[in-house]
Amino acid sequence: MLPYINAPFAYVGNSLGTSADELKLIFTFYLSYPLAAVLKRIPDQKPWQKNAFIIGVALFYLVGLFDLWGGLRTLAISAGGAYAISAKMNSPYMPWVGFVFLMGHMSITHISRQAAHDPSSIDISGAQMVMVMKLTAFCWNVQDGRIPEADLSEFQKEHMIKELPSILDYIGYVFFFPSLMAGPAFDYCDYRRYISTTMFALPPGTDPSKAPPTRKKRKIPRSGTPAAIKAVYGSLWIFTFLKFSGWYNTSFLLGDEYMKYWFPRRVFILYMLGLTTRMKYYGVWSLAEGGCILSGIGYNGIDPVTGRAKWDRLTNIKPIDIEMAQNTRAFLGNWNINTNSWLRNYMYLRVTPKGKKPGFRATLATFITSAFWHGFYPGYYLAFVLASFLQTIAKNGRRLVRPLFMTPDGKNPLPSKKYYDLFTIFLTQASFAFTVAPFILLGFSDTLTIWARVYFYTLLGTAASFALFSRSLPFRKTLTKRQSDRVAGFDESGIEKVAKEEIEKDRRVNMLKRESSDHIGRAPTLGIAEDPEAEIDEIVAEVKREIEERRRRGSLMQGFDVRKAVELQLEKFKKT
C-alpha cells in the first residue's frame, strides 16, 4: 500500500523541488484539522473513545504514511520504559533514572540520524524529542504526587500526578496526534483535564453568561476561527519558505557564486538563509498549534480584558517578536517556547536543592541537557556557545548604553530612543544571522567555510565588545559616569550604589527573591546562561572558598600527631 501513498507525494515533490517525506509531514498537519474536528465531536462522556481515536490516527501517521515501524517501536520503548519506571520505582531518584533512560535512548536515535545524514527524509527523532519532554515531565509529576503538598511549589501542585493514569489514557497522552510529529509538548495534567473536560469549567465566581460559546451539549468551546487563523498563518509561512528556499540555501552559500557579492550583500544573504530556515518552523509550529486549538487542548481560560476564550496554552513560537527582537533574550525567549519551559521547570529548578538559589551548576546542567536534546552535530554546540557570549554583550549594552536614551529616572524614552531601538534590532539580527548558521549547516567544516566568507564578523565583534565593556578599560567607566551625571538628587555614594546595582542587577535579583522556585524568572533561555559573567564569577568564588576551606583544615592539622591521638582514643575504649 505504501508505494501508492508515496506516488502522489513524490510527483508533487519533484515539481516543487522537495522530498516526498517532507510533503507528507506537511500533509499530516493539514490532515490533523478535520481529524481534530472529529475528535472534538466525540461525546464528552466517553473519553475512552477519544483515546482510541487519538491512538488510531497516530498509528496511521507513523506506519500508514511514513512506514515507520522501527520508529513506532522506538516510541513504544520510551513510553513503556517511562511508565514502568514511574510505576515500579518508589525513590527520590526515580525522575533522574527516567531522565537518563529517555535521554540515553534518544541519543541512540540522534547518532543513527547523524550517521544517515539525510535531511530530506523523515525519521522518528523529531517525534522522540517531543516525547522526551513529555515523559521526563511525567516522571517528575508522578514523583511530586508522592511528596507532601507542603513541600511543593505552586507549579508542582498544579502538575503533580497522585495516581498513575490508566494505560489507555497514558497512550492517548503520548500519541496525541495533532502534536505527535513536531510538538508542541504539554504535561499530562493538561491532557487529563482536556480528556475529562474539566479544563473548560468556569473559574469560581465567573458569570455563566460570560462562558465561551459551545455547540450543542459539548463543554469544549468553539475554536474554529482561532484554529483557521493559525492555519492561514502557517500556510503563508510554508508557502514563503518553499519560495525562498530556492534562492537562499546552504548549497548557494557554499558555492562560488556567493563570493561574487560584496561583503554587505553576503551578510544579507546569510541573514536570509536564517530567516528562510525559520519560516519552515514558523509554518510547521503554527499549523500544529492550530490543530491543537481545533481539538480544544489549546484552550487557556478566559481573557479578563476581552472576556473571550484564550487559545494560547500551547503557543510555541512568536515570529514577529523574534524578527523584531532587540536583544538575545528576546530572540531566544520567543523561539521554541515550550522547550524553554521544559528546561526551566524540569531541569534548572530540579537540580537546585530546596531553599537554595539556582547557581552555575543548574545553568550548566540545563545547558548540557539542551545541547544533548538537540543532538550531537558540532553546529549545535558552536551556536550555543556563541549565543552565550552574545547574551553577555547584550546585557552589558542594556545596562550601560540603553539608560542614556531614557529620561534620568529611567521611566520614559527620549526622542533618540527610536534610533537606539532600530540599531539594536539591526545588531541583533545581524549577529544571529552569523550565530544560527552552524545550526543550519550542522557540520564543523561547512560552518568555518561560511564564517570565513563573511570574515568572522560576529566573532570579531564579540571579542571587541568584551574588550570595550571590560572593567579594566575606561569605556565602561565613562558610560557609568555619564549615567551617574544624568541622575539628579543623589549624593556620591548613592550614585555609586546605583551604578553597581545596574551592573549586577540580575544576579542580585535572583539572590534576594524567595525560597520558592516559582519566583525565579531568569532561568537560562534554551540552556544558554542569562548572565555568563555572573556564572563564571560564582564558579571562581566557589573555588576560592574551597581552597580557603582546605587551607583552614590543613592549618588545623599542622603539628597534630594523628598516631598519638589514635592511641589515646584506644586507651579510652579499653578503660570503658
Distance flag, aromatic centroids of [Y] and [X], threshold under 6.0 Å:
| X | Y | result |
| --- | --- | --- |
| Phe186 | Phe176 | yes |
| Phe99 | Trp140 | no |
| His374 | Phe384 | yes |
| Phe66 | Tyr61 | no |
| Phe29 | Tyr33 | no |
| Trp96 | Tyr93 | no |

For atom [atom1] of [X], is the number of surrounding heavy atoms from other residues, nucleotides or ligands below 6.0 Å larger than 12?
| X | atom1 | value |
| --- | --- | --- |
| Lys318 | NZ | no |
| Lys162 | NZ | yes |
| Arg146 | CZ | yes |

### Query
Salt-bridged, Arg192 to Glu163, with N to O below 4.0 Å?
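Salt bridge flag = no for Glu163 with Arg192.
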
### Asp144 bridged to Arg350 by N-O distance under 4.0 Å
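Salt bridge flag = yes for Arg350 with Asp144.
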
### Message
Within the 4.5 Å heavy-atom criterion, are Phe155 and Asp187 side-chain neighbours or not?
### Response
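Heavy-atom side-chain distance check passes, below 4.5 Å.
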
### Query
Looking at side-chain heavy atoms only, is the closest gap between Leu386 and Trp451 below 4.5 Å?
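A side-chain contact under 4.5 Å exists here.
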
### Task
Quick one: do Glu158 and Arg193 satisfy salt bridge (charged side-chain N to carboxylate O under 4.0 Å, His left out)? Show the steps, please.
CA-CA 11 Å; Glu158 183 181 351; Arg193 290 197 286 259; 3.8 Å; yes

Less than 3.5 Å apart, any donor N or O on the side chain of [X] or [Y] sitting next to an acceptor on the other?
| X | Y | value |
| --- | --- | --- |
| Tyr346 | Thr369 | no |
| Asp312 | Tyr299 | no |
| Asn340 | Trp342 | no |
| Ser223 | Lys40 | yes |

What heavy-atom pair brings [X] and [Y] nearest, and what distance separates the two atoms?
| X | Y | value |
| --- | --- | --- |
| Phe252 | Tyr258 | O-CB, 3.4 Å |
| Ile55 | Leu168 | CD1-CD1, 3.8 Å |
| Gln143 | Pro92 | NE2-CA, 3.6 Å |
| Thr339 | Asn316 | N-OD1, 4.4 Å |
| Ile77 | Phe101 | O-CZ, 3.6 Å |

Tell me which donor-acceptor pairs under 3.5 Å the side chains of residues 284-296 have, and how far apart each pair is, sequence neighbours excluded?
{"unit_1": "Trp285", "atom_1": "NE1", "unit_2": "Ala182", "atom_2": "O", "d": "3.1"}
{"unit_1": "Ser286", "atom_1": "OG", "unit_2": "Tyr282", "atom_2": "O", "d": "2.7"}
{"unit_1": "Glu289", "atom_1": "OE1", "unit_2": "Lys230", "atom_2": "NZ", "d": "3.2"}
{"unit_1": "Glu289", "atom_1": "OE2", "unit_2": "Thr315", "atom_2": "OG1", "d": "2.9"}
{"unit_1": "Ser295", "atom_1": "OG", "unit_2": "Cys292", "atom_2": "O", "d": "2.7"}

### Query
Should Tyr170 and Tyr188 be marked as a ring-ring contact (aromatic ring centres under 6.0 Å, His included) after you check the CA-CA gap, both sets of side-chain angles, and the distance that decides it?
CA-CA 8 Å; Tyr170 179 74; Tyr188 177 75; 7.6 Å; no

### Query
Passes ring-ring contact (aromatic ring centres under 6.0 Å, His included), Phe372 versus Phe376? Steps please.
CA-CA 7 Å; Phe372 270 63; Phe376 302 106; 5.2 Å; yes

### Query
Should the pair Tyr377 and Tyr380 be assigned to parallel (<30°), tilted (30 to 60°) or perpendicular (>60°) ring geometry?
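Rings of Tyr377 and Tyr380: perpendicular, over 60°.
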
Using residues 126-134 as the side-chain source, report each donor-acceptor pair under 3.5 Å to any protein atom, sequence neighbours left out, with the distance given to one decimal.
{"unit_1": "Gln128", "atom_1": "OE1", "unit_2": "Thr109", "atom_2": "OG1", "d": "2.6"}
{"unit_1": "Gln128", "atom_1": "NE2", "unit_2": "His105", "atom_2": "ND1", "d": "3.4"}
{"unit_1": "Lys134", "atom_1": "NZ", "unit_2": "Tyr173", "atom_2": "O", "d": "2.6"}

